[in-house]
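See structure below.
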Amino acid sequence: QTITEDEVRAAVGAIDTEAIIANDAHDRNWLNYGLNYAETRYSQLDAIDTENVGELGLQWSYSLNSDRGVQSTPIVVDGVMYVTASWSIVHALDAVTGEPLWVYDPEVPGDFGKRGCCDVVNRGVAVYDGKVYVGAFDGYLHAIDAATGERVWRVDTIENRDMSYTITGAPRVINGKVIIGNGGAEFGVRGYITAYDTETGEENWRWYTVPGDPSEPFENEAMEMAAETWDPSASYWEAGGGGTVWDAMAYDPDLNLLYIGTGNGSPWNQHLRSPAGGDNLFLASIVALNPDTGEYVWHYQNTPGDTWDYTSTQHIILADLEIGGEMRQVLMQAPKNGFFYVIDRVTGEFISAEPFVETTWATAYGEDGRPIENPAARSKDEPFETVPSAYGAHNWHPMSYNPDTGLVYIPAQGVPLVQATDPNWELNSHRPMSTMSGVGWNLGYLFNVVAPEATPFGHLLAWDPVEQREVWRAEYVSPWNGGTLTTAGNLVFQGTADGRFIAYNATDGALLWQVPVTSGVVAAPNTWEHEGEQYVTIAVGWGGVYGLMQRATDRVGAGRVFTFRVGADAQMPEAEMSMRTELVSGVPYDPEHISAGLATYVSNCLFCHGVPGVNNGGAIPNLGYSDAGTLMDAEAWVLEGIGVDRGMPSFADKLTAEDVANLVAFIQGTADSLQPQ
Ligand SMILES: O=C(O)c1cc(C(=O)O)c2c(n1)C(=O)C(=O)c1cc(C(=O)O)[nH]c1-2
Ligand SMILES: [Ca+2]
């Protein structure tokens, strides 16, 4: 090992708010989830450029020992790397050699997996004053000694553990406070964001995104204002209201403003949530807060009265752009709803919004900053195919902004879905694991009662935010490609759903270098310098909400971190695991049990395992491709909980041995019907 505990202590001990800001002068370290507080993911390092990028070779790779989604952007401080795997496990590595320094497991119970909508993922850590901070999937925020990996403190961020709150996002540290939001709006929660003292873990402030029980006093004036935009007769607040702050944050130190993105409503369907309509503040909005006090400063709502899971939690980037001959301090966002926004970050004033993919829910934005909606898109009486769908035209996968090219590099996509109002939805009938709840999603919609017409796609989109137009694109075979990094070497780096890591020319999109990695990629790469040498790192591991059930490559290796350097020549590893590609056969069953098994399957298994044999699964196995032994052992999996550590809950208090026999009949029967005759 080349790095000592004292060296780590000194390096991370020197990180404070000023040090994060000072790193902007050279970008040698990667100190914040999005590199800097502006979250540009543009590095000034230029030793790797369009001339020599083709000579990148493997410096090292490191197994994260995980089989679910890896979404982490590593943090790098003076040659020490902190990267997270699924289940929020933190790995500290020597960044130059890939040797582990320590591993910290926050011990998220496997049973907690069912409380998240979208895989047991984690997007990374924050570092500050000698400590590493991770928000664990079960809602605890941990402070860890950066040198030893010992826990310093742990706090519970969840105010009501009967509700399905989680954490997937990376914390940010500003002015001595560590700030984190939660996920959970698919299940029914009330969104908020909380700041804790970095030293002690003591709560400094909490800001709710939507109003609560109207019989209680409002927490602040912002909540009073927000309440006027909800149907006062509705009991939305009993379902939580939604608005979770599950990913994006950015900070402007000069304005001392923290920008957050808020999520969708709980339930999704606005006819059920707030029948009289209204904007339903602060759902699907960008909100500016004072990071010292948590006080509201301004907001801009991208999607008024959200009913489509059009979260505005997608990446926010701060930049200064010349618009109409004037320099403007702006923020940029490409949220799920398919429009690219440029907003004045001082005042919240709307500057422009244009579609970066096809959009059917709205055609354009008016000068007032409101969408011109297609009235059919709210699917009140008839199903409607919204484009984009709830998967988003762009999801959490970080974009990047290169001030040299003036372009934003967006992982854009389309995943077709048709939404129809669920006539049988009842408030709070859907709690985690309740009967007929799927796994507890609480949306108020049915999906694909009519087949969608759109075709799925994924591409890397280079977008000019001033002119609001596409400049170039790179097409992929599938949606759900990784986040992007751009550099002063005139490069864009991105990993793909089909398991490649690619470098493009940032100006024109020419593909300059690519290498196959051990599984599909969803995370964003980073770059950093140590002792005069520039490195590029990507954490690989297929998963996240689309990746749970679908995949675009047969390579399904464990989560793994890869670091590249010009001239390095370590051997690229092979994928350790491969998928079974034969349908299950030979498991005995009674054909009369198939139809009962179908009903049980749809309400308990479908949401994660998909339709047996229809495609070969993603991070969660498709049971149509089980081996016969596993299926014969179904009672152990379903009733005895042998898979709990891997996230497969026990259904012992919900299903019987007879139900399991029916499930087996349905799975084997379906596989038999799909066998070529
Ligand atoms: O409403 C929420 O609270 C919430 C949370 C999360 C999450 O925490 O990961 C996702 C979403 N929504 C969501 O809508 C979504 O598409 C999504 C994708 C992913 C992922 O990790 O792949 N997470 C989430
Ligand atoms: Ca959501």
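Both counts, for ligands and for their atoms, begin at 1 and track the order of listing.
For the side-chain hydrogen bond (donor to acceptor under 3.5 Å, both in side chains) with R273, the lone residue among D231, N264, N280 that qualifies is N280. For the side chain to side chain contact (heavy atoms under 4.5 Å, CB included) with I180, the qualifying choice from I167, V245, I193 is I167, the only one to do so.
The part of D309 lying near ligand 1 is the side chain, judged by heavy-atom distances below 4.0 Å. Under 4.0 Å from ligand 1, heavy atoms of V545 appear from its side chain as well as its backbone.
Residues T496 and D498 have side chains that bring a donor and an acceptor to within less than 3.5 angstrom of each other. For the residue pair D306 / Q270, no side-chain donor-acceptor distance below 3.5 Å is found, with atom types taken as modelled. No hydrogens or angles considered: nothing links the side chains of Y165 and T157 as a donor-acceptor pair under 3.5 Å. N442 and W425 share a side-chain donor-acceptor pair at under 3.5 Å.
In this pair, W463 and F340 present their aromatic rings tilted. The plane angle is within the 30 to 60° band. Below 30°, between 30° and 60°, or above 60°: for H142 and Y140 the angle between ring planes is above 60°, a perpendicular geometry.
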Let's go through Y409 and Y401 carefully: what are the C-alpha distance in whole Å and the side-chain angles of both, what is the deciding distance for side chain to side chain donor-acceptor pair (under 3.5 Å) to 0.1 Å, and is it a yes or a no? CA-CA 6 Å; Y409 302 97; Y401 167 66; over 6 Å; no

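Atom 11 (C) of ligand 1 has W246 CZ2, 3.2 Å as its closest protein atom, hydrogens excluded (heavy atom only). Looking only at heavy atoms of the protein, atom 12 (N) of ligand 1 is closest to E186 OE1, 3.0 Å. Remark: minimum distance from atom 9 (O) of ligand 1 to any protein heavy atom is reached at R123 NH2, 3.1 Å. For atom 19 (C) of ligand 1, the closest non-hydrogen atom on the protein side is C118 CB, 3.4 Å.
Close approach of ligand 1 to N264 is summarised as follows: ligand atoms under 4.0 Å from at least one heavy atom of the residue are 1 (O). Within the listing of ligand 1, atoms 1 (O), 2 (C), 3 (O) sit less than 4.0 angstrom from a heavy atom of T244. Near T168, meaning under 4.0 Å from one of its heavy atoms, ligand 1 places the atoms 7 (C), 8 (O), 9 (O). Under a 4.0 Å criterion applied to the non-hydrogen atoms of G183, ligand 1 contributes the atoms 3 (O), 8 (O). Of all atoms in ligand 1, numbered sequentially from 1 with element shown, those under 4.0 Å from a heavy atom of G544 are 20 (C), 22 (O).
Residue contacts with ligand 1: T166 is placed with no nitrogen or oxygen under 3.5 Å of a nitrogen or oxygen of the ligand (distance criterion only). Of the polar atoms of A185, at least one N or O is found under 3.5 Å from an N or O of ligand 1, judged by distance alone. Checked against a 3.5 angstrom limit, the closest N/O atoms of Y391 and ligand 1 fall outside it. Residue N182 has no N or O atom closer than 3.5 Å to an N or O atom of ligand 1. Considering backbone and side-chain atoms alike, W396 places an N or O below 3.5 Å from some N or O of ligand 1.
Using a 4.0 Å heavy-atom cutoff, W480 is listed among the residues neighbouring ligand 1. At least one heavy atom of G184 sits less than 4.0 Å from an atom of ligand 1. Under the 4.0 angstrom criterion for non-hydrogen atoms, G263 is not in contact with ligand 1. For the pair V121 and ligand 1, a heavy-atom separation below 4.0 Å is found. The closest approach between a heavy atom of D119 and any atom of ligand 1 is not below 4.0 Å.
Nearest N/O/S atom of D309 relative to the Ca ion (ligand 2): this is OD1. For the Ca ion (ligand 2), the nearest N, O or S atom contributed by E186 is named OE2.
Under a cutoff of 6.0 Å and an axis angle of 45°, R123 and W396 form a cation-pi pair. Geometric assessment of R190 against the ring of Y208 yields a positive cation-pi assignment under the 6.0 Å and 45° thresholds. Remark: R41 qualifies as a cation-pi partner of Y33 under the 6.0 Å distance and 45° angle criteria applied to the six-membered ring.
By the neighbour-count criterion of 12 heavy atoms within 6.0 Å, atom CZ of R646 is sparsely surrounded, having that number or fewer from other residues, nucleotides or ligands.
The distance from the Ca ion (ligand 2) to the nearest N/O/S atom of T244 is not under 3.0 Å.
Between atom 21 (O) of ligand 1 and the options Q71, K336, H397, Q314, the minimum heavy-atom separation is to Q71.
Under a 3.5 Å cut-off, the side chain of S312 and the backbone N or O of I286 do not form any donor-acceptor pair. Distance alone, capped at 3.5 Å, is enough to place a donor-acceptor pair between the R551 side chain and the T553 backbone.
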